[in-house]
Amino acid sequence: MAGCFITFEGGEGAGKSTQIERLKNRLERLAQPVLVTREPGGSPHAEEIRAFILGGHAKHLGPFAEALMFAAARIDHLDQTIVPALRSGTHVLCDRFADSTRAYQGSLGNIDKGLIDRLEKVTLQGVKPDLTLILDLPAEIGLARAGARQARKGEGADRFEEEDISFHQSLRQAYLSIAEAEPKRCVVVDANQDLDEVETAIWAALCERLPQMTEHAVRPLDVA
Ligand code: T5A
């Protein structure tokens with residue numbers, strides 16, 4: 001694929017959306033074509049599935065059925081949004097992807113790892129992120145940030161934010177295990193820093209792992 005595929009992962013309120021916006025702005029200043037998208041969602045049908053799952057309507061079906069629904073949304077998102085963008089040379093910045101299913105439904109839902117591996121294989125059809133940035137911070141801090149943002153916007157907690165603190169603490173460990181298992185793809189970023197420091201750490205990871213996206217930092221026009 002001509003574009004690079006970068007996914008952002010982490011617990012609730014880790015700062016993914018905020019940092020995706022910052023990275024998009026940086027890349028656009030380098031004249032790099034960028035598409036921002038999210039999961040669950042990112043295509044019209046997948047957004048419908050998002051509303052259903054985050055509204056809590058699939059919870060009673062159990063974690064495996066929820067994993068299947070996230071996978072169904074992901075198939076449409078890949079077909080309609082991600083793959084066409086990558087093929088056209090646009091870089092894709094995606095707020096959550098398959099690692100969220102691995103962490104939330106797989107690890108926390110106690111789904112057999114082999115089953116999650118097979119589901120991921122048939123869902124992704126060979127499309128893998130070039131880089132996954134895992135924003136890591138204590139669960140209490142992430143939840144407090146998410147809660148404060150919801151209070152500002154007058155929104156309520158969604159299906160997963162409502163889970164108890166031990167769920168979110170285990171989630172953090174699940175992400176760190178994913179990073180440990182796939183160090184070539186994953187970079188853990190300390191998200192318990194101020195916004196600019198997190199942005200700097202993300203940019204450093206990109207410069208190291210995907211220099212083709214960042215090496216035009218000083219273009220002839222900028223110098224002139
Ligand atoms: N899910 C998803 C699954 O269970 N399985 C799956 O396969 C998939 C794909 C999605 C939910 O679905 C689950 C996981 C999720 O529970 P969502 O609404 O998309 O739900 O939720 P999140 O992805 O968790 O999004 P959040 O908005 O909660 O978190 P973000 O995007 O990580 O955080 P962000 O950037 O919105 O920041 C939150 C607040 O903190 C502030 C921001 O200004 C904002 O107010 N903030 C900081 N404050 C201080 N210092 C910093 N460094 C800060 N960074 C951000």
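Counting starts at 1 for both ligands and their atoms, in listed order. What you are looking at is a predicted structure, and each value in this text was computed from that prediction instead of being measured.
Nearest protein heavy-atom neighbour of atom 3 (C) of ligand 1: F70 CZ, 3.2 Å. When only non-hydrogen protein atoms are considered, atom 48 (N) of ligand 1 lies nearest to R145 NE, 3.6 Å. Of the protein's non-hydrogen atoms, the one nearest atom 25 (O) of ligand 1 is K16 NZ, 4.0 Å. Looking at atom 54 (N) of ligand 1, its nearest protein heavy atom turns out to be L195 CD2, 3.3 Å. When only non-hydrogen protein atoms are considered, atom 29 (O) of ligand 1 lies nearest to G13 N, 3.2 Å. From the protein, the heavy atom lying nearest to atom 45 (O) of ligand 1 is R152 NH2, 2.8 Å. Among all protein heavy atoms, the one lying closest to atom 11 (C) of ligand 1 is L54 CD2, 3.7 Å. Here the protein heavy atom with the shortest distance to atom 15 (C) of ligand 1 is E12 OE2, 3.4 Å.
Side-chain atoms of D130 do not come within 3.5 Å of backbone N or O of I6 as any donor-acceptor pair. At least one donor-acceptor pair closer than 3.5 Å links the side chain of S88 to the backbone N or O of A85. Remark: the backbone N or O of F97 is paired with a side-chain donor or acceptor of E9 at under 3.5 angstrom. Side-chain atoms of E48 never come within 3.5 Å of backbone atoms of A73 as a donor-acceptor pair (strictly under, hydrogens ignored). A donor-acceptor pair is defined here as one N or O able to donate and one able to accept, closer than 3.5 Å; no such pair exists between the side chain of Q105 and the backbone of R102.
Nearest heavy atom pair, residue A2 against residue R87, reads CB-O, 4.3 Å. For the pair M69 and A58, the tightest heavy-atom approach, listed with the atom from each and the gap, is SD-CB, 3.5 Å.
Atom numbering of ligand 1 starts at 1 in the shown order; those under 4.0 Å from a heavy atom of R149 are 26 (P), 27 (O), 28 (O), 36 (O), 38 (C), 45 (O). Near S100, the atoms of ligand 1 lying under 4.0 angstrom from a non-hydrogen atom of the residue are 2 (C), 5 (N), 6 (C), 7 (O), 8 (C), 9 (C). If you number the atoms of ligand 1 from 1 as listed, the ones under 4.0 Å from a heavy atom of E161 come out as 28 (O). Of all the atoms in ligand 1, the ones that sit under 4.0 Å from a non-hydrogen atom of E39 are 9 (C).
Looking at E9, R96, R22 and measuring to atom 23 (O) of ligand 1, the nearest heavy atom belongs to R96. Among S17, C94, G15, the residue whose heavy atom lies closest to atom 31 (O) of ligand 1 is S17. Residue nearest to atom 7 (O) of ligand 1, selected from T101, V198, D95, I141: T101 (by heavy-atom distance). Compare T18, L143, D158 by their heavy atoms: the one nearest to atom 42 (C) of ligand 1 is in T18.
Using a non-hydrogen distance threshold of 4.0 Å, R159 does not register as a contact of ligand 1. Distances from ligand 1 to the non-hydrogen atoms of Q19 include no value under 4.0 Å. Contact annotation: Q105 has at least one heavy atom less than 4.0 Å from an atom of ligand 1. Residue contacts with ligand 1 leave out E197, since none of its heavy atoms falls under 4.0 Å from the ligand. Using a 4.0 Å heavy-atom cutoff, R74 is listed among the residues neighbouring ligand 1.
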Original post:
Yes or no on side chain to side chain donor-acceptor pair (under 3.5 Å) for Y104 and R96, after CA distance, side-chain angles and deciding distance?
Top reply: CA-CA 11 Å; Y104 279 76; R96 298 193 179 280; 3.1 Å; yes

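Taking any N or O of R50, backbone or side chain, at least one lies under 3.5 Å from an N or O belonging to ligand 1. Between P40 and ligand 1, not a single N/O pair is under 3.5 Å apart. In terms of polar-atom proximity, defined here as any N/O pair under 3.5 Å, A14 does make such a contact with ligand 1. Looking at F160 next to ligand 1, no N or O pair under 3.5 Å apart turns up. Taking distance alone, with nitrogen or oxygen atoms compared against 3.5 Å, Q193 approaches ligand 1 more closely than that limit.
Partners of I20 under the side chain to side chain contact (heavy atoms under 4.5 Å, CB included) rule, at least two apart in sequence or in another chain, are F8, V36, L93, D95. Take F64 and apply the ring pair (Phe, Tyr, Trp, His ring centres under 6.0 Å) test, not counting sequence neighbours, and it matches no residue.
F160 and F70 have tilted rings, their planes meeting at an angle from 30° to 60° on a 0 to 90° scale.
Distance CG/D136 to CG/L176: 4.5 Å, rounded to 0.5 Å. The CG atom of L143 sits 4.5 Å away from atom NE2 of H168, with the distance rounded to the nearest 0.5 Å.
Note: the hydrophobic cluster containing I75 does not contain V83 (ILVMFWY, side chain heavy atoms under 4.5 Å, direct or indirect links). Hydrophobic cluster membership is shared by L210 and W203, with clusters built from Ile, Leu, Val, Met, Phe, Trp and Tyr side chains linked at under 4.5 angstrom.
None of R145, E155, E161 except one satisfies the side-chain hydrogen bond (donor to acceptor under 3.5 Å, both in side chains) rule with Q150; the exception is E161.
Contacts between N192 and ligand 1, counted as non-hydrogen atom pairs separated by less than 4.0 Å, are absent for every part of the residue.
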